Asker: 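Structure in structure tokens, see below.
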Amino acid sequence: MSNLSRRIFILGGLTTAGAAALQLGSPAWSAAAVTPFPFTLGVASGEPDESSVVLWTRLAPTPTNADGQGGMPNADVAVDWQVSTDQSFAALVSSGTVTARYAQAHSVHVLAGGLAPDAEYYYRFRAQGFISPVGRTRTAPAPTTVGRDFTMAFASCAHYESGYYTAYRRMADDRPDLILHLGDYIYEGGAGTGGVRQHLGSEIVSLADYRRRYALYRSDPDLQAAHAIAPWLVVPDDHEVENNYANMVRADSSPVLTAAQWTARRTAAYQAYFENMPLRAAATPSGNSIQLYRRVRWGTLATFHMLDTRQFRDDQACGDGTKVCADADLTNRSITGAAQEAWLLDGLGQRLGTWDLIGQQVFFARNVNSAGAMNMDAWDGYRASRSRIQQGIVDRGVRNPVVLTGDVHASWGNDLKADYANPSSATIGSELVCTSITSGGNGSATTTVPNGSLNPHLRFYSNRRGYVRTHITPSQITADFRSVATVTEHGAAATTARTFVIHDGQPGLADA
């Protein structure tokens, strides 16, 4: 038997008898095991605070089985976990055992506590005779300290069929301290034609369908690398449930669903989302709802306000789409719902950190075309809601508001204006919009801002795939718009298409 096969438990901890240290993200196989390797979906961490972080894995030896159970038996399984300050796991700081339950598709959420603030750790799992890949994670600084400068990357929109996840791999190569995913982690549609790879089955509706789709996406090694390199903060958009849904209103008529079937679909989608994301227990779904908006502090340096712009929004005005629509100005319309809107304004008013970072899903700044039409699915379809938040930023003296956005499959860098109809009005904040990981295919090399003359506050545009990388200090945020030339071929390099700087106390984008 090899040294790597002799992994045994001593005093409740995992040890390696004479084996070399596991490399980050690499699986360790045990020849003694009689069951298939269960950690095919990798590992992840998320939701860090100053003393704890959520650790995630899911047991699935044959992950894309049609029943959504990943090839696991109808039985609960004990899973051991460890946290260490080094990759060799010679210095354990936390460990324990958790039950992976059949009812939750053998997903595991561990709240690893007792950790030091502003510190880096490594973690792994053991189940059924196998050791998982190793993940790297970290904690936030203590609430009263600035902590180290840190690198945060964010991404969205990863349609599996549209291309390879090279941008996820390039994010992992950057070794950020934190990753935000702002929605459309999966897409719900059935198998298409003409893509570089293919969904399994028809459009997903049932819990088994959603579990299988997450397993397909999470089987990708580039996505696994991004999860293993840093903790994530996640919020979904629409495709995690159904395209352009608004609260309990569907935008699609296919497949045909009764009201009860639609409710069941939402319930299944939220359950699968929770099962497959490193979320805290507070986000455990309750029926067809899930608590996703939350605040995460990063010492006194930054506060992340993570929004949910799907679950509580009013239906899109004028039947959705891009159009001229007076109803988008109605004062009672909200994209967040009244409770979340009040929560956001209260949190911004507390000014807990130098930077208030609003992680959310859809285009925030005004973006009007030559016909005067705007996107009813974005904040342009909820203009009174946007105005209340922008006015709240001004009234509460929020020093450095920065909106982080996904959804639109292109990179944008925007100034937020007190009055978008008046270009000389005050700039009150900034918006960084990440392009897609793959959605939309390779895109093009164009960087001409669409309708730029009508929207002078829209400062940058790129139609390539990629992500945004930020370096955050007390004095500035440096934002690099990273892109890859192709996603239909695997392994492209990432380059920086444009860099902006946001200076403390000076809202808006400055050239680097």
Side-chain angles (χ1 to χ4, degrees), residues 7-15 27-30 32-48 51-63 65 67-84 89 92-115 121-135 137 207-208 210-212 214-215 218-219 224 227-228 231-232 234 267-268 270-287 290-291:
R7 297 181 181 277
I8 57 174
F9 287 104
I10 297 178
L11 300 178
L14 288 168
T15 66
W29 294 78
S30 171
V34 295
T35 54
F37 184 65
F39 296 108
T40 60
L41 304 181
V43 299
S45 68
E47 303 294 310
S51 64
S52 66
V53 66
V54 174
L55 310 179
W56 176 94
T57 193
R58 180 182 164 200
L59 308 181
T62 51
N65 283 9
D67 66 357
Q69 291 297 149
M72 290 294 291
N74 186 357
D76 297 342
V77 176
V79 179
D80 298 281
W81 57 273
Q82 290 182 326
V83 179
S84 176
F89 290 83
L92 293 185
V93 295
S94 190
S95 62
T97 301
V98 65
T99 301
R101 301 192 183 280
Y102 179 83
Q104 282 83 50
H106 294 96
S107 60
V108 168
H109 297 75
V110 171
L111 183 61
L115 308 180
Y121 293 98
Y122 297 88
Y123 64 95
R124 64 184 180 184
F125 300 89
R126 180 185 190 274
Q128 298 181 315
F130 289 98
I131 307 294
S132 76
V134 173
T137 192
L207 180 57
Y210 282 99
R211 286 170 168 171
R212 187 189 194 200
Y214 278 102
R218 274 191 165 273
S219 297
Q224 289 188 19
H227 271 298
W232 285 38
V234 300
T267 300
Y270 293 155
Q271 180 173 338
Y273 185 79
F274 178 80
E275 288 173 352
N276 285 279
M277 294 295 153
L279 290 162
R280 289 180 179 255
T284 304
S286 175
I290 182 171
Q291 179 61 45

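Just the heavy atoms: all of them, side chains too, but no hydrogens, waters or symmetry mates, feed the values below. What you see is a predicted model, and the numbers here were worked out from it, not measured in a lab.
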Asker: Is there a donor-acceptor contact under 3.5 Å from the side chain of Gln69 to the main chain of Arg211?
Answerer: no

Asker: Hey, what do you get for CD (Gln82) to OG (Ser94), rounding to the nearest 0.5 Å?
Answerer: 10.0 Å

Asker: Please report the interatomic distance CD(Gln271) to CG(Leu207), rounded to the nearest 0.5 Å.
Answerer: 4.5 Å

Asker: Any sub-3.5 Å donor-acceptor pair from Gln291's side-chain atoms to Thr284's backbone N or O?
Answerer: no

Asker: For the residue pair His109 and Pro278, what are the closest heavy atoms and their distance?
Answerer: CD2-CA, 4.4 Å

Asker: Which heavy-atom pair separates Phe274 from Ala283 by the least distance, and what is that distance?
Answerer: CD1-O, 3.6 Å

Asker: State, to 0.1 Å, how close Ala215 and Pro63 come at their nearest heavy-atom pair, and which atoms those are.
Answerer: CB-O, 3.1 Å

Asker: Hey, what do you get for CD1 (Ile131) to CZ (Phe37), rounding to the nearest 0.5 Å?
Answerer: 9.5 Å

Asker: Can you tell me how far OH of Tyr210 sits from OH of Tyr273, rounded to the nearest 0.5 angstrom?
Answerer: 13.5 Å

Asker: Check Ser45 against Tyr123 and note the closest heavy-atom contact, atom names and distance.
Answerer: N-OH, 3.3 Å

Asker: Counting N and O atoms only, with roles assigned by atom type, does the side chain of Thr137 sit under 3.5 Å from a partner on the main chain of Tyr121, one being a donor and the other an acceptor?
Answerer: no

Asker: Begin with the C-alpha distance, continue with both residues' side-chain angles, and end with the deciding distance and a verdict on side chain to side chain contact (heavy atoms under 4.5 Å, CB included) for Arg212 and Asn65.
Answerer: CA-CA 7 Å; Arg212 187 189 194 200; Asn65 283 9; over 6 Å; no

Asker: Quick one: do Glu275 and Arg58 make a salt bridge, cutoff under 4.0 Å?
Answerer: no

Asker: How far apart are the closest heavy atoms of Leu41 and Trp56, and which atoms are they?
Answerer: O-CZ3, 3.9 Å

Asker: Can any side-chain N or O of Asp76 pair as donor or acceptor with the backbone N or O of Tyr102 at less than 3.5 Å?
Answerer: yes

Asker: Taking side chain as C-beta onward, heavy atoms only, is Val54 less than 4.5 Å from Leu279?
Answerer: no

Asker: Hey, what do you get for CZ (Arg218) to CE (Met277), rounding to the nearest 0.5 Å?
Answerer: 5.5 Å

Asker: To the nearest 0.5 Å, what is the distance between CZ on Phe125 and CZ on Phe39?
Answerer: 7.5 Å

Asker: Over 60° means perpendicular and under 30° means parallel, so classify the ring planes of His227 and Trp232, tilted if in between.
Answerer: parallel

Asker: Between the side chain of His106 and the main-chain N/O of Thr57, is any donor-acceptor distance below 3.5 Å?
Answerer: no

Asker: Quick one: are Glu47 and Pro231 in side-chain contact, heavy atoms under 4.5 Å?
Answerer: no

Asker: Between Leu111 and Arg280, does the side chain to side chain contact (heavy atoms under 4.5 Å, CB included) criterion hold? Intermediate values first, please.
Answerer: CA-CA 7 Å; Leu111 183 61; Arg280 289 180 179 255; 3.3 Å; yes

Asker: Looking only at heavy atoms, what is the nearest atom pair of Ala112 and Leu55, with distance?
Answerer: CB-CD1, 4.0 Å

